[in-house]
J.: 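A single structure is presented below for examination.
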Amino acid sequence: MTVRPHLLLTPGPTPLHPAAREALGGESLGHMDPEVFALNGEIQADLRTLYGAPDGTFTALLAGTGSLGMEAGFANLAEPGDEVLIGVNGSFGARMAEMAARHGAHVRTVTAAPGEPLSPAAFADALAGGDVRLVAVVHGETSTGVLNPLPEIAEAVRGSGALLSVDAVTTAGMQPFDMAGLGADYVYTGSQKCLSAPPGVAPIAVSGRALARHAARRTPTALWYADFAGLRDYWEGHSYHHTVPVGLHFALHAALRAALDEGLPQRQVRAAEVGRGVLAALEPLGFSPFVPDPAQRLPTVLALRLPPGLDDAATRAALRARSVSVAGGMGPTAGQIWRLGLMGEGARPALYHRFLTELEAVLGVRGAASRFEQVLGTHA
Ligand SMILES: *Cc1c(COP(=O)(O)O)cnc(C)c1O
């Protein structure tokens with residue numbers, strides 16, 4: 001089967017970085033070859049930079065997508081009967097609560113309505129007087145485009161004795177991340193989001209405190225495949241645990257290097273600029289931000305309410321027929337919003353310029369692409 005060039009503007013997967021694409025075509029090597037251990041060592045060092053990890057942090061790739069990163073946190077850091085506190089203001093927070101419950105945790109939630117951020121004070125209240133072992137929060141909720149106030153939530157958790165797990169899938173790699181400053185114990189992302197590598201590996205970071213907590217478990221980690229001890233056997237001890245996807249390691253390594261070479265602050269600016277341009281282009285057509293307060297908006301996922309009367313499914317199908325993909329809503333926002341990805345290679349002016357041109361054709365309107373050019377200037 002042949003596939004035409006496609007404009008993938010969803011909030012994951014994102015278009016492949018050229019360096020990742022090239023790395024995918026490299027030599028076949030074994031997972032125990034010295035070149036691969038050297039490659040893994042470079043990946044581990046670059047992940048410490050990506051996450052702003054303190055000394056003593058273990059970094060690695062899991063052989064799976066971001067959801068495996070999510071599940072590995074609960075499998076390793078919560079034991080049956082442990083109190084786990086989870087922030088839920090969208091589909092990914094809800095997924096965390098489901099996973100933690102399946103691993104036998106006693107789940108309590110702090111909730112907010114879709115489109116609204118979680119309240120740090122609610123975390124402080126929930127932690128007071130309880131015996132919470134682990135707090136888990138999604139930094140950027142992809143399903144609604146909300147940026148949760150992570151520094152303030154982390155502050156509420158620090159000193160409580162609970163470990164803090166952060167889903168950084170839509171943030172790490174597109175802005176500086178400060179695991180050390182936050183005092184976070186477990187952080188993960190997926191290769192196909194902000195790093196624009198192929199899906200299939202989940203970069204993780206585990207703090208020294210979390211490793212100590214893991215070593216003191218009363219029960220074995222129920223997810224053998226992603227047991228931190230087994231992962232360390234391979235990544236640190238260089239002994240066989242499972243066959244890692246070497247080709248994906250090469251691709252992730254190239255994409256991660258490219259991200260760090262570009263600079264995380266620069267990538268943050270790039271996503272913000274393209275997002276500003278897209279909003280300026282679309283607001284006159286009747287699109288409006290799903291999250292009213294700009295300070296609560298996730299810079300990497302632009303969630304837009306549709307203009308009254310616009311047929312979500314038909315319009316996206318017409319775009320798809322022109323080889324352009326954008327995402328609709330999830331769960332309660334299905335049919336009401338679009339979600340435009342501004343992660344990694346998705347946050348490129350040329351791509352969004354083409355999207356706006358195609359959208360003009362589908363809707364039979366004009367002016368969107370030129371408004372975008374006015375905001376982006378020569379970048380467009
Ligand atoms: C995409 C995503 C995940 C992981 O999803 P996968 O499809 O398993 O890669 C987890 N959390 C958030 C916030 C996400 O956007």
Side-chain angles (χ1 to χ4, degrees), residues 8-16 20 51 61-75 86-100 102 109 111-112 114-118 135-150 153 164-175 177 184 186-205 223 225-226 245 248 251-252 255 271 290-291 296-303 325-331 333-334 337-347:
L8 190 60
L9 299 177
T10 56
T14 57
L16 278 186
Y51 288 130
L61 302 178
L62 302 181
T65 63
S67 298
L68 181 62
M70 185 187 281
E71 187 153 17
F74 297 113
I86 298 182
V88 180
N89 60 337
S91 304
F92 288 99
R95 180 175 294 188
M96 294 201 301
E98 165 81 25
M99 284 180 178
R102 290 198 192 187
T109 57
T111 62
E116 284 173 20
L118 296 165
V135 177
V137 63
V138 178
H139 192 188
E141 186 37 89
T142 323
S143 64
T144 56
V146 168
L147 181 68
N148 281 315
L150 181 60
I153 293 171
L164 174 63
S165 167
V166 179
D167 178 315
V169 173
T170 56
T171 53
M174 224 45 204
Q175 63 173 72
F177 192 90
Y186 182 65
V187 188
Y188 58 89
T189 184
S191 50
Q192 82 280 20
K193 302 278 178 105
C194 292
L195 294 173
S196 288
V201 286
I204 63 165
L223 190 61
Y225 195 64
L248 296 182
L252 187 283
F290 181 61
V291 180
Q296 298 172 351
R297 256 177 237 159
L298 177 56
T300 52
V301 181
L302 182 59
S325 289
V326 300
M330 288 173 84
T333 59
I337 65 171
W338 281 1
R339 294 173 306 129
L340 306 178
L342 294 163
M343 291 181 255
E345 291 308 291

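Since this is a predicted model, take the numbers as computed values, not measurements. One-based numbering, in listed order, for ligands and for the atoms of each. Along the sequence shown, the residues carry numbers beginning at 1. The figures here come from the full heavy-atom set of this structure, side chains too, leaving out hydrogens, waters and symmetry mates.
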J.: Just to confirm my output: which protein heavy-atom neighbour is closest to atom 9 (O) of ligand 1, and how far is it?
T.: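 The protein heavy atom lying closest is Gln192 NE2, 2.8 Å.
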J.: With a 4.0 Å cut-off on heavy atoms, is Gly66 touching ligand 1?
T.: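 Gly66: in contact with ligand 1 (<4.0 Å).
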J.: Only heavy atoms count here, so choose which of Cys194, Ser67, Pro11, Pro199 is nearest to atom 4 (C) of ligand 1.
T.: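 When every heavy atom of Cys194, Ser67, Pro11, Pro199 is considered, Ser67 comes closest to atom 4 (C) of ligand 1.
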J.: Quick check: does any side chain N or O of Ser196 sit under 3.5 Å from a backbone N or O of Glu345, one acting as donor and the other as acceptor?
T.: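 Yes; judged by distance alone, with no hydrogens or angles, the pair exists.
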J.: Side chains of Thr189 and Phe177: closer than 4.5 Å at any heavy-atom pair?
T.: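 With C-beta onward as the side chain, the pair stays apart.
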J.: Of the listed options (Thr65, Thr189, Thr10, Thr142), which comes nearest to atom 15 (O) of ligand 1 when hydrogens are ignored and any heavy atom counts?
T.: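 Answer by nearest heavy atom: Thr142.
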J.: For atom 3 (C) of ligand 1, what's the nearest protein heavy-atom neighbour? Residue, atom name and distance, please.
T.: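 Nearest neighbour among protein heavy atoms for atom 3 (C) of ligand 1, to 0.1 Å: Phe92 CE2, 3.5 Å.
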J.: Below 4.5 Å, heavy atoms only, C-beta onward: do Leu147 and Thr170 meet side chain to side chain?
T.: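 Side-chain contact under 4.5 Å: no.
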J.: Under 4.5 Å between any side-chain heavy atoms of Met343 and Thr300, yes or no?
T.: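 Yes - at least one pair of side-chain heavy atoms lies under 4.5 Å apart.
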J.: For atom 14 (C) of ligand 1, grab the closest protein heavy atom and report residue, atom and distance to one decimal in Å.
T.: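 The closest one turns out to be Lys193 NZ, 3.1 Å.
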J.: Give the atom numbers and elements of ligand 1 that come within less than 4.0 Å of a heavy atom of Thr170.
T.: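 Those atoms are 15 (O).
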J.: For Val291, does its backbone N or O pair with a side-chain atom of Arg297 as donor and acceptor, under 3.5 Å?
T.: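 Flag set: sc Arg297 to bb Val291 pair under 3.5 Å.
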J.: Is it true that a side-chain atom of Arg339 and a backbone atom of Thr142 form a donor plus acceptor pair closer than 3.5 Å?
T.: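 Side chain of Arg339 to backbone of Thr142, a donor-acceptor pair under 3.5 Å: yes, one is there.
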J.: How long is the straight-line distance from CG of Leu342 back to CG of Leu298, given to the nearest 0.5 Å?
T.: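 The CG atom of Leu298 sits 9.0 Å away from the CG atom of Leu342.
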J.: What residue and heavy atom of the protein are closest to atom 11 (N) of ligand 1, and at what distance?
T.: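 Checking every protein heavy atom, the shortest distance to atom 11 (N) of ligand 1 gives Asp167 OD2, 2.7 Å.
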J.: Does Gly140 come within less than 4.0 Å of ligand 1, judged by its heavy atoms?
T.: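 Yes.
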